[in-house]
Participant: 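Dropping the structure in here first, questions after.
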Amino acid sequence: MTKEEDNANQVPYAQVSNVSPNNSPSEAPTLPYTGKVGAGDSGLPIESMKNADTIGLQREIGLLNGVTIIVGCIIGSGIFVSPKSVLEYAGSVGMSMVVWTVSGVFSLIGALCYAELGTTIMKSGGEYSYILDAFGPVMAFLLLWVTLIIINPTGQAIVALVFAFYCIQPFYPDPDCPPPDLFVRLAAVSCIMLLTFVNCWSVPWATKVQDVFTVAKVLALIVIIASGLIWIFMGHTENFENAFEGSASGESIALAFYGGLFAYAAWNYLNYLTEEIKNPQKNLPWAIAISVPLVTLIYVLANVAYFAVLTPEELMASNAVAVTYGEKLFGPMAWIMPVSVALSTFGGVNGGCLSLSRLFFVGAREGQLPAVMAMIQVKRKTPLPSLIFTCILTILYVFVKRIETLLNYFSFMTWLAIGAAVAGQIYLRWRRPDLPRPIKLPIILPIIFVLACLFLVIMGTVAAPMDTLIGLAITLTGFPVYFIGIYWESKPKWLLNAIKKCTIFCQKTFLIVSQEKEE
């Protein structure tokens, strides 16, 4: 995005204020947009708005909201489904418990590295912003590109489909008569549209939804843990005898860690919202320090409960471990488990809408996506264009068959991006040692984390070389897009005019303007 393009995309405030109830188009004050709003809806000149709020994302996320965002985004469908894949590759109950515990510790180290990055580089956007600062625009754009076209929308679509299936499943108790596929997909679309509306309307509304559904899913897991511990105290410990017998090694253990780490994914989501956190230098690290150990404890105890009630053979035969657990232990109340999965995934979709839309907002603000995606709704103070764009893409992917295959292509990219962000942390320690760092970890922790990420990328490539090759090829398509869309500055005038008209149309339609820079 060139400077000329950015200037072309700006529309005078008078054009936006034509929708004012007190102004006809001919009466609107022809003054340039200054970023100030409030009195403009009354038709007052911009000079009278000196004390109005500035246009921009507001700092409305407190410590509790930060905790519920991290916990709510991590606890999706993974803990209800992943125990099967972890056990399959770990080979034994004991080794599975080791994998779940080590995965939690590994996630905590990564989250602490992100706490340092988030309090050093005080920008929203997560690893995109950190890679941009450390390694420049090309590497950052490649991450933005694959996240934009594949990773974010497919991940959201999959979680929404899981929500829809488990929401409908109690009405189809016969395993030989599953819910109609189209019905499930339409329910997923309804979920996405509803949560996009909530996030467009109000950030406090979105955080309240996150708070409520995080509490609901934690309570569901507490029910599993409590019932499992009661089962153990009743003397049912036979499944823990010879716990490490048959343990796997080598490549299988690496694949077991992939399953465990999948369930812990999203510990980095709060970093996408740094600019909306109240006192981020304090609340960001505290939210991370509370959330990740809490989730680790819940996950380990939930697996203890699963293994206490279900034999390894029963667990391996289950497509949804929590549902099988409920059927065996709760009898007529077994419907609680699919409902719990639905609640958990609903909160996960909301957390994704809230967090990941900010990645595209920041990318547009940095000039790497169309400028309209970096604009804010003047009344709601939400990144409405970014949210709507994410919603549309996600809905399109809901109707893609075998959508999981698309996400598999980029499992290596996830760890490559996170590892690159933490490698940037190490690089900035050397390149810019005088940067203010409210939190400064021992350098050995980011080094260990980067090496572990490299190991995961290599093992993933060895285990699925064709998937990795396809994912890499799609990632490399970002190079021509970067050079045509960003590097090429002498774009034809007709193209710049078309972009300008499109931007003005969006501004008038949605009442959106560019974020005002803080003074």
Side-chain angles (χ1 to χ4, degrees), residues 68-85 151-172 178-179 181 183-199 206-224 259 261-267 269 291 295 298-299 302 306 318-326 334-357 390-391 393-395 397-400 403-404 406-407:
T68 59
I69 287 170
I70 297 175
V71 172
C73 290
I74 293 177
I75 303 176
S77 61
I79 187 58
F80 301 101
V81 178
S82 288
K84 174 183 176 178
S85 64
I151 296 176
N152 181 9
T154 54
Q156 285 286 86
I158 288 171
V159 177
L161 286 167
V162 173
F163 158 78
F165 178 83
Y166 283 104
C167 194
I168 298 169
Q169 193 263 346
F171 300 101
Y172 292 83
D181 182 69
F183 193 13
V184 171
R185 293 181 189 275
L186 291 176
V189 169
S190 300
C191 166
I192 294 162
M193 292 180 68
L194 173 62
L195 289 173
T196 299
F197 170 77
V198 170
N199 279 268
T207 56
K208 283 182 174 65
V209 169
Q210 194 67 17
D211 294 346
V212 170
F213 281 88
T214 297
V215 170
K217 67 179 72 177
V218 170
L219 288 175
L221 286 167
I222 288 174
V223 169
I224 291 174
L261 291 169
F262 165 77
Y264 284 97
W267 48 259
Y269 275 24
S291 304
V295 172
I298 291 172
Y299 275 13
Y306 289 148
S318 172
N319 288 322
V321 176
V323 175
T324 305
Y325 179 95
W335 57 267
I336 292 174
M337 286 299 103
V339 170
S340 298
V341 177
L343 292 174
S344 181
T345 47
F346 187 82
V349 175
N350 182 68
C353 286
L354 181 63
S355 304
L356 296 173
S357 61
T390 304
C391 175
L393 265 186
T394 303
I395 288 172
Y397 277 108
V398 164
F399 294 97
V400 173
I403 188 175
E404 297 87 350
L406 286 173
L407 202 57

Participant: State, to 0.1 Å, how close Asn199 and Cys353 come at their nearest heavy-atom pair, and which atoms those are.
Facilitator: ND2-CB, 3.6 Å

Participant: Rounded to the nearest 0.5 Å, what's the gap from CD1 on Ile74 to CD1 on Ile69? Could you check?
Facilitator: 12.0 Å

Participant: Indicate the atoms forming the closest heavy-atom contact of Ala302 with Ile224, along with that distance.
Facilitator: O-CG2, 4.4 Å

Participant: Ignoring hydrogens and geometry, is there a side-chain-to-backbone donor-acceptor pair from Thr154 to Ile151 under 3.5 Å?
Facilitator: yes

Participant: Identify each donor-acceptor pair in which a side-chain atom of residues 186-196 lies under 3.5 Å from a protein atom, sequence neighbours left out, and give them as a table.
Facilitator:
{"residue": "Ser190", "atom": "OG", "partner": "Leu186", "partner atom": "O", "Å": "3.0"}
{"residue": "Thr196", "atom": "OG1", "partner": "Ile192", "partner atom": "O", "Å": "2.7"}

Participant: Of Trp267, Tyr264, Phe262, which is the lone residue that meets ring-ring contact (aromatic ring centres under 6.0 Å, His included) with Tyr299?
Facilitator: Tyr264

Participant: Less than 4.5 Å apart, any side-chain heavy atom of Phe171 and any of Pro179?
Facilitator: no

Participant: A side-chain contact here means heavy atoms from C-beta on lying under 4.5 Å apart; do Leu356 and Tyr269 qualify?
Facilitator: yes

Participant: If I compare all heavy atoms of Val184 with all of Ala164, which pair ends up nearest, and what's the gap?
Facilitator: O-CB, 3.1 Å

Participant: Minimum heavy-atom separation for Cys73 and Ala266, please, with both atom names.
Facilitator: O-CB, 3.5 Å

Participant: Can you name the residues that form a ring pair (Phe, Tyr, Trp, His ring centres under 6.0 Å) with Tyr397, not counting sequence neighbours?
Facilitator: none

Participant: Mind checking ring pair (Phe, Tyr, Trp, His ring centres under 6.0 Å) for Phe197 and listing every partner two or more places apart, or none if nothing turns up?
Facilitator: Trp201

Participant: With sequence neighbours left out, what residues match Ser318 under side-chain hydrogen bond (donor to acceptor under 3.5 Å, both in side chains)?
Facilitator: Thr324

Participant: Return the set of residues passing side-chain hydrogen bond (donor to acceptor under 3.5 Å, both in side chains) with Tyr325 (not counting sequence neighbours), or none when no residue passes.
Facilitator: Ser227

Participant: Answer whether the closest heavy-atom distance between the side chains of Ile168 and Phe183 falls below 4.5 Å.
Facilitator: yes

Participant: Considering non-hydrogen atoms only, spot the tightest contact between Ala157 and Thr394 and give its length.
Facilitator: N-CG2, 3.6 Å

Participant: Could you list the donor-acceptor pairs under 3.5 angstrom formed between side-chain atoms of residues 213-222 and any protein atom two or more places apart in sequence or on another chain?
Facilitator:
{"residue": "Thr214", "atom": "OG1", "partner": "Thr68", "partner atom": "O", "Å": "3.0"}
{"residue": "Thr214", "atom": "OG1", "partner": "Gln210", "partner atom": "O", "Å": "2.7"}
{"residue": "Lys217", "atom": "NZ", "partner": "Gly72", "partner atom": "O", "Å": "2.7"}
{"residue": "Lys217", "atom": "NZ", "partner": "Ile75", "partner atom": "O", "Å": "2.7"}
{"residue": "Lys217", "atom": "NZ", "partner": "Ser344", "partner atom": "O", "Å": "2.7"}

